Amino acid sequence: MSIPVTILGGFLGAGKTTALNALLRQAETRIAVLVNDFGAVNIDAALIAARQSGMVSLSNGCVCCALGPDLGEGIARLVALDPPPQQILVEASGVGDPWRIAQLARLEVGVHLDAVLTLADAQRFPALLADRWLSDTLERQVARADLVLLSHADLATEAEIRATRAALAGLRPGLPVALLPPEGLPPLLGAARVQPGRERAGRFHADAPTAHGFRHLLWTAPGPLDHDRLMRALEALPESVLRLKGFCRLGPKATPHLVQRAGRRVELRPWPEPLPAGADALVLIGTPEMPDAVLGTLRAALHAHPESHPRGGPT
Amino acid sequence: MPAPVTIFTARRILTMDPARPEATHVAVRESRILAVGGEAEMADLGPATLDRRFADKVILPGFVEGHSHLHEGAAWRDPYLGFFERRDPEGKVWPGLKDIAAVVARLREVAAEKPEGSITAWGFDPIYFGGRRMKRADLDEVSQTRPVVVTHASGHIMNLNSVAMALAGFDRANDLDGLVRDEAGAPTGEILGPELMGRVRRVVVPDMFSRTLDAGALDRFAKLARQAGVTTATDLVSDMSEATVASYRAATEGADFPLRLVPALAARMFGQDEGIARLEELRPTSTEKLHFKLVKLVVDGSIQGFTARLRWPGYHNGAPNGLWYVAPSELGAIVGAWHRAGALLHIHTNGDEASEVAVEMLERALTAHPRPDHRHTLQHCQMPDPALFRRIKALGLCVNLFANHIFYWGEEHVAQTMGLARAQRMDACGTALRLGIPFGIHSDAPVTPLAPLFTAWCAVMRLTAKGRVLGEGERIEVAEALRAITLGAAYTLKLDHLVGSIEAGKLADFAVLDEDPLAIEPMRLKDVTISATVLGGRVFPVPPTA
């Protein structure tokens, strides 16, 4: 089973360590985190189950590990854990381009790239972007990110948030941007949180009210999907869809597949095990503006069902 | 009864002491210089042994290499593939390889000598191959079954054969930054940058850098140093692990080891507090041959690798600006902490923007916590303009300039990185001298060969490999260049009270030359051979060249 690797980028002070701390504290899956500065991660002593060289194991099954000079070595060490983590999160250097880390992570065995998330300080981003020593460093951090999350938004004024959004749009029109919600990163992480059949229980019901600044929608496919139509549908989803994740059956043989979309990047991979009945479910996580019509867009992906055209939604 | 006195006579002794620039006799007692001068100064020393073996030689202070890496000693375990000839630790001169065919032929010899396992080599330098780059097909001629990995002279680029590309997983990575591609978009086997190179070392040739600083590596480095007249050398990026420190100690405790070592703790390999604590712990264990006092910080990458941070107008060929290895604000905190801890900071800055940021952060640290005679040094410091050099002067900083770059990469800087006008002011020894900034010049061995007389020649002549004079106005005189490779470098290490000049009371470290560098044509400075070194009064003859 391949482990999803999420890369967390962002300049110094953007809140990466805070987000990682929160993630480790509240994790519902076994998450392994590779961090730049081991000393900065302030893990509650009560949570710590064991310490070994450069690695802290938590009582909730998570581990936190120092990212050495060689990313691959760090990932290999995590993959070899027993049991292996369900999710790996890598903190990119505050001056690095997180996409470069993502490229290297993709070379490693036993893992696949989930998404590149870049944090941007909702208050300070425009000023940092104007700094003569830093502007290109910040540009590179968002140039190839899948999603940009605005941190410290609770401290920022509406005007500051608008200015940061405008600065980001100026760098990359169409870049998906959302506020980092109080519950932090978990809703934005990939497949480890989508076990086949798990979402069926209505954890995120399509009619659930908007929660925590994100909107969740669930779509259960009534039958197999067509590969090309699904790709078209995924590409047609609006910017307000930040993430999509789940499972479907594809083609005339109804082959199980994992489906993920982070920002504009789509991943469709065969799933090695049969899906339980009713597990063909896709979860969409979006900004509060995400329209119900996105469900119609997905319906258009159904395999050879002329009657399955969406009702009233965009195609 | 006082210890015995030995008096060395020489054709000429160049002391680097302006009060007595020349002498003919130097007396040594208990590893120190008892007196220097002529017969008159020797007359009141009591009984002494006259040692005339250097009577027709020229004695200089032992050379001080202010920026080298002991890894040079490990590199020679692998074959050398450079464009320029290079002397190995045993004194054998390996000819320069002048085209790809010669490189492939040499590698095929290596492959035949070593029938299994990976084939690794270093020092490859295709700059003067008329634009022809190495392709994976070239290296596939060496082996189609074993990985072949060739590291370039700069240390920032590698060439791989197809087996190595496949093992590294680069064949299935279709959009990886740092893979050089041909017109059709296929990877050529050339890879750039520390991340990809690190992966190759781990995945493809794990034996390549399981090569820690063992006794053999230090011994090879010491042999190179002796050939080059070097008696004090830095190891400018040290992990200061127990094993590394044990290697330093074991080597320097041996009376046969002809070298004083000055390792610099690599700050980025430690947390801030741990690094300071480690240096504090090591500092009192320093000896006359092993000095723990330096910390090394790295601000940017390399100019020829396009990873240095440049100010306007950036790279001549339009390449995007390089990378901060630490953010400027972070550098401020790091510089401040090490400065307050009393360390001697040696800061790698290649590009002028990196130098400017380092100067800014040092200014803040020195303003908040003034410290007389700190000797903080910018290493490489290849690009500052005169205004930035004036700030360097005003803050009392030292610089160690990479004079060898003019010869090895000067043409590359003209064509690719700087353009002619800016390339002419690189490694500005003339400006440093005019402003009175204390400066050394260096090799960064193994990036370029450990050979201070060659480095001095570069600073004097400023000739590129194609014979162009690059920056007439930054040339310095031979005497000034000799000072830079002795007392100048010693000053940046705050060891000028012990080494770097021939004065009574200092350690008896000499470089013994077969010719007088002040009497020959400056063009021949690099060809002057070393007869012996003397460390603490003990003579280490250079063995005849193989």
Side-chain angles (χ1 to χ4, degrees), chain A residues 9-14 16 35-41 53-54 66-77 90 92-113 116 121 124 127-128 131-141 143-144 265, chain B residues 165 167-179 192-204 206 209 237 239 266 268-275 299-301 309-312 314 320-333 351 353-354 356-358 360-361:
Chain A
F11 193 67
L12 299 163
K16 298 192 294 297
V35 294
N36 264 299
D37 184 357
F38 208 43
V41 183
S53 63
L67 173 62
D70 186 341
L71 170 78
E73 199 172 346
I75 288 181
R77 193 171 165 204
V90 181
S93 136
V95 286
D97 173 357
W99 181 252
R100 294 225 54 183
I101 305 272
Q103 290 181 325
L104 293 165
R106 284 207 302 208
L107 298 175
E108 298 304 322
V109 178
V111 301
H112 64 273
L113 178 63
V116 176
D121 187 320
R124 291 168 64 225
L128 291 169
D131 185 299
R132 67 186 166 122
W133 287 335
L134 299 179
S135 56
D136 61 321
T137 299
L138 270 86
E139 276 177 53
R140 282 178 219 190
Q141 290 178 345
R144 298 185 287 189
R265 198 162 49 74
Chain B
M165 287 290 285
L167 283 174
F170 296 156
D171 275 347
R172 56 193 159 76
N174 49 22
D175 70 340
L176 191 59
D177 289 3
L179 287 188
L192 312 172
E195 295 96 349
L196 300 193
M197 289 175 56
R199 181 175 171 82
V200 169
R201 289 189 195 112
R202 178 172 56 87
V203 178
V204 182
F209 278 87
V237 175
D239 66 2
R268 68 187 146 139
M269 295 184 186
F270 292 82
Q272 183 69 71
D273 296 343
E274 292 86 338
V299 181
D300 67 344
R309 289 293 308 192
L310 269 53
R311 298 192 295 196
W312 184 91
N321 207 349
L323 309 172
W324 292 118
Y325 281 37
V326 290
S329 53
E330 213 178 358
L331 182 70
E353 190 176 57
E356 183 186 1
V357 165
E360 176 71 31
M361 299 309 158

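For clarity, every value in this text was computed on a predicted model and none was experimentally measured. Chain A is the first sequence line, chain B the second, and so forth, proteins listed ahead of strands; every chain is numbered from 1. Just the heavy atoms: all of them, side chains too, but no hydrogens, waters or symmetry mates, feed the values below.
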*Asks:* Got A/D136 and B/P320 here, is their nearest side-chain heavy-atom distance under 4.5 Å?
*Replies:*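 No, side chains not in contact.
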*Asks:* Name the region of A/R140, side chain, backbone, both or neither, that has any atom closer than 4.5 Å to a heavy atom of chain B.
*Replies:*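 For A/R140, side-chain heavy atoms alone lie under 4.5 Å from chain B.
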*Asks:* Testing B/E356, B/R311, B/R309 for side chain to side chain contact (heavy atoms under 4.5 Å, CB included) with A/W133, which one passes?
*Replies:*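 Between A/W133 and the candidates, side chain to side chain contact (heavy atoms under 4.5 Å, CB included) is satisfied uniquely by B/E356.
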*Asks:* Where does A/L107 contact chain B at under 4.5 Å (heavy atoms): side chain, backbone, both or neither?
*Replies:*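 For A/L107, backbone and side chain are both near chain B.
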*Asks:* Taking every non-hydrogen pair under 4.5 Å, which of B/R172, B/M269, B/R202 racks up the most with chain A?
*Replies:*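 Among the listed options, the one with the most contacts to chain A is B/R202.
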*Asks:* Could you name the residues of residues 92-101 of chain A that have a heavy atom within less than 4.5 Å of a heavy atom in chain B?
*Replies:*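 Heavy-atom contacts from residues 92-101 of chain A to chain B are A/V95, A/W99, A/R100.
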*Asks:* Heavy-atom cut-off 4.5 Å, strictly under: side chain, backbone, both or neither for B/D175 against chain A?
*Replies:*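 Looking at B/D175, backbone and side chain both touch chain A.
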*Asks:* Check this for me, if you would: do A/R144 and B/D177 make a salt bridge, where the nitrogen-to-carboxylate-oxygen distance has to be below 4.0 angstrom?
*Replies:*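 The answer is yes: the pair qualifies as a salt bridge.
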*Asks:* Do B/L323 and A/T137 have side chains that approach each other closer than 4.5 Å (heavy atoms only, starting at C-beta)?
*Replies:*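 B/L323 does not reach A/T137 side chain to side chain.
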*Asks:* Search all heavy atoms of B/G198 against all heavy atoms of A/D70 and return the closest pair with its distance.
*Replies:*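 Shortest heavy-atom contact: O-OD2, 3.8 Å.
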*Asks:* Select one option (side chain, backbone, both, neither) describing which atoms of B/V357 are under 4.5 Å from chain A's heavy atoms.
*Replies:*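 When you check distances to chain A, atoms from both the backbone and side chain of B/V357 fall under 4.5 Å.
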*Asks:* Looking at chain A, which one of B/E195, B/E274, B/R199 has the largest number of heavy-atom pairs inside 4.5 Å, strictly under?
*Replies:*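 When all of B/E195, B/E274, B/R199 are compared, B/R199 has the most.
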